[in-house]
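Below you'll find the structure, written out as structure tokens, and then a few comments.
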Amino acid sequence: QVHVVESGGGLGQPGGSLRLSCAATGRTFSSYAMGWFRQAPGKEREPVAAIVRSGSSTWYADSVKGRFTMSRDNAKNTVYLQMNSLKPEDTAVYYCAASTRYSITLNENDYDYWGQGTQVTVSS
């Protein structure tokens, strides 16, 4: 069992930055691939970024590529999502999730544990 908790959301300015954190407790954190998903009002939840267990490989949605960076610190049982050059369309609830899959997966069904989500609002 893994418990994940997101933090760091809030109000960001267009062009500004926010950093989300996801702290995990429970079984060995490094045994999980991790993902960030988001759900905007009236839209389906979508994958934003994902990272393999070691942190050596990442994936990003085209909409955030070059602006967002996902990383992990296995010693701290934490993953991060650094969000730069924020746009209003980044407004959404952001979810952190853990998967026992060895490789990166974008399929929600492959993720076993989810956080409650953190709201990110980008507005001037």
Side-chain angles (χ1 to χ4, degrees):
Q1 187 81 12
V2 171
H3 184 58
V4 294
V5 179
E6 306 95 337
S7 62
L11 178 64
Q13 299 278 339
S17 299
L18 286 172
R19 188 175 83 154
L20 305 183
S21 298
C22 172
T25 60
R27 292 180 58 189
T28 305
F29 178 69
S30 59
S31 298
Y32 293 88
M34 301 296 294
W36 284 100
F37 292 76
R38 68 184 181 186
Q39 187 168 22
K43 295 187 178 181
E44 293 187 353
R45 189 158 57 186
E46 62 178 2
V48 175
I51 193 166
V52 296
R53 297 176 180 184
S54 66
S56 61
S57 181
T58 53
W59 171 92
Y60 299 96
D62 286 344
S63 59
V64 307
K65 199 172 295 182
R67 300 188 298 121
F68 289 11
T69 301
M70 185 175 185
S71 61
R72 67 188 297 161
D73 185 337
N74 286 342
K76 296 183 178 180
N77 287 7
T78 303
V79 294
Y80 305 96
L81 185 68
Q82 178 66 44
M83 305 187 295
N84 298 330
S85 301
L86 287 168
K87 301 178 180 180
E89 51 262 45
D90 294 322
T91 296
V93 177
Y94 284 71
Y95 298 90
C96 175
S99 171
T100 56
R101 292 247 175 174
Y102 183 79
S103 57
I104 284 175
T105 176
L106 310 179
N107 188 337
E108 287 191 18
N109 295 326
D110 290 337
Y111 286 84
D112 308 282
Y113 305 102
W114 291 80
Q116 292 298 308
T118 186
Q119 176 70 47
V120 170
T121 302
V122 182
S123 175
S124 56

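Here the structure is a predicted model, which is why all the values come from computation and not from measurement. These numbers come from the heavy atoms of this one structure, side chains and all, not from hydrogens, waters or symmetry mates.
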Quiz: residues 12-22 side-chain donor-acceptor pairs under 3.5 angstrom, not counting sequence neighbours:
unit_1	atom_1	unit_2	atom_2	d
S17	OG	N84	OD1	2.8

**Asked** Do M83 and R67 come within less than 4.5 Å of each other through their side chains, counting heavy atoms only?
**Response** no
**Request:** Walk me through it: do R38 and V64 pass the test side-chain contact (heavy atoms from CB on, under 4.5 Å)?
**Result:** CA-CA 12 Å; R38 68 184 181 186; V64 307; 3.9 Å; yes
**Message:** Under a 3.5 Å distance rule, please check whether Q116 uses its side chain to pair with a backbone N or O of V5 as donor and acceptor.
**Reply:** no
**Message:** Quick check: is I51 connected to Y32 through a chain of hydrophobic side chains (ILVMFWY, heavy atoms under 4.5 Å apart)?
**Reply:** yes
**Prompt:** Is the side chain of R72 donor-acceptor paired with the backbone N or O of V52 at a distance under 3.5 Å, no angle test?
**Reply:** yes
**Fill in**
Closest non-hydrogen contact found for A24 with V4 is CB-CG1, 3.9 Å
**Minimum-distance pair of heavy atoms, taken over all atoms of G115 and Y95** = O-CD2, 3.7 Å
**Message:** What I'd like to find out is whether the side chain of E89 reaches to under 4.5 Å of the side chain of V122, using heavy atoms alone.
**Reply:** no
**Message:** If I take atom CH2 from residue W36 and atom CH2 from residue W59, how far apart are they, to the nearest 0.5 angstrom?
**Reply:** 14.5 Å
**Asked** OH/Y113 to OG1/T25 distance, rounded to the nearest 0.5 angstrom?
**Response** 11.0 Å
**Request:** Indicate yes or no for a side-chain donor-acceptor contact from R101 to the backbone of Y111 under 3.5 Å, with no hydrogens or angles considered.
**Result:** no
**Prompt:** Taking only residues two or more places apart in sequence or in another chain, which ones pass ring pair (Phe, Tyr, Trp, His ring centres under 6.0 Å) with Y94?
**Reply:** none
**Item:** Member of N77, V2, T78, D73 meeting the side-chain contact (heavy atoms from CB on, under 4.5 Å) criterion with F29
**Value:** N77
**S57 vs I104 side-chain heavy atoms within contact, under 4.5 Å** = yes
**Message:** Check D90 with K87, please: is the shortest side-chain N to carboxylate O separation under 4.0 Å?
**Reply:** no
**Prompt:** Which value, rounded to the nearest 0.5 Å, describes the distance between M34 atom CE and L81 atom CG?
**Reply:** 11.5 Å
**Message:** Between F37 and W114, does the ring-ring contact (aromatic ring centres under 6.0 Å, His included) criterion hold? Intermediate values first, please.
**Reply:** CA-CA 10 Å; F37 292 76; W114 291 80; 4.9 Å; yes
**Asked** Can you hop from M70 to L86 via hydrophobic side chains spaced under 4.5 Å?
**Response** yes
**Message:** So which atom in P47 and which in A61 form the shortest heavy-atom distance, rounded to 0.1 Å?
**Reply:** O-CB, 3.7 Å
